[in-house]
Amino acid sequence: DTAVSQTPKYLVTQMGNDKSIKCEQNLGHDTMYWYKQDSKKFLKIMFSYNNKELIINETVPNRFSPKSPDKAHLNLHINSLELGDSAVYFCASGRKGAKSPLHFGNGTRLTVT
Amino acid sequence: DQQVKQNSPSLSVQEGRISILNCDYTNSMFDYFLWYKKYPAEGPTFLISISSIKDKNEDGRFTVFLNKSAKHLSLHIVPSQPGDSAVYFCAASLTGGGNKLTFGTGTQLKVEL
């Protein structure tokens, strides 16, 4: 049973395209996150949703739009893809307000050509 | 401005010996610290955590030490095993931050036979 699953695992696309990454968690957590790991391996938060409400929105281009249909799902849609968007994107889930660890998916490697 | 730093990008240790991974932070508001382990093509996996009210937490072969005055924490693995070879990330969060984790850049640990 995969606790946090994201699809697809690999995504290769051309500049200017629009793409989506899906994430689902079955841990019963109320908060989900998107993190980006860049070419320098630095993991940085992008967004966080708590019970379908956006609570963290770091400085991310508005081409990136998260969508949470319910608290078990958080999808990431990216418009007009650019070369610099190439990275590994990790979904995570946890409990807001609790000192508890986040659980991560296995990542989606996005390559923009 | 990197608030969590891991100054050693890599560490090599012999099997059976102790591995010590270090992490420094600059934000004195951080009150919860975690270590994650990451294998290639997988997401970070939670290893061990410590609250700022403690200075040590132990779980089997893994011990985390926190020195708040020095804003420094370390992860000790003893005895080290070849399966421990992975990238280790230090992370921190603060109360009221939505359980958002701020990560260090990681240390690649290699345990040699």
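Nearest heavy-atom pair, Phe103(B) versus Leu43(A), reported as atom, atom and distance to 0.1 Å: CB-O, 3.7 Å. The two residues Phe90(A) and Gly43(B) have their closest heavy-atom pair at CE2-CA, 3.5 Å.
Neither the backbone nor the side chain of Ser49(B) comes within contact range of chain A; no heavy atoms are under 4.5 Å apart. Only the backbone of Arg95(A) comes within contact range of chain B, with heavy atoms under 4.5 Å apart. Looking at Leu34(B), the atoms closer than 4.5 Å to chain A (heavy atoms on both sides) all sit in the side chain, from C-beta outward. The part of Gln37(A) that comes within reach of chain B is its side chain, from C-beta onward, which places non-hydrogen atoms under 4.5 angstrom from that chain. Within the 4.5 angstrom heavy-atom criterion, no atom of Tyr39(B) approaches chain A. Proximity to chain B (any heavy atom under 4.5 Å) is shown, for Lys44(A), by neither the backbone nor the side chain. Residue Ile45(A) touches chain B through its side chain alone, counting heavy-atom pairs closer than 4.5 Å. Heavy atoms of Ile56(A) lying under 4.5 Å from chain B belong exclusively to its side chain.
Listed options His103(A), Gln6(A), Glu58(A) were ranked by heavy-atom pairs under 4.5 angstrom with chain B; first place goes to Glu58(A).
For the pair Gln2(B)/Phe42(A), a side-chain contact is recorded, criterion being any heavy-atom separation below 4.5 Å from C-beta on.
How far NZ of Lys100(B) is from CD1 of Ile55(A): 11.0 Å, rounded to the nearest 0.5 Å.
Residues Ile48(B) and Tyr32(B) fall into different hydrophobic clusters, defined by Ile, Leu, Val, Met, Phe, Trp and Tyr side chains chained together at heavy-atom separations under 4.5 Å. Using a 4.5 Å cut-off between side-chain heavy atoms of Ile, Leu, Val, Met, Phe, Trp and Tyr, with links allowed through other members, Val88(A) and Val12(A) fall into different hydrophobic clusters.
With hydrogens and angles ignored, the 3.5 Å screen pairs no side-chain donor or acceptor of Tyr36(B) with any backbone N or O of Pro101(A). A donor-acceptor pair under 3.5 Å is absent between the side-chain atoms of Asn99(B) and the main chain of Lys99(A), judged by distance alone.
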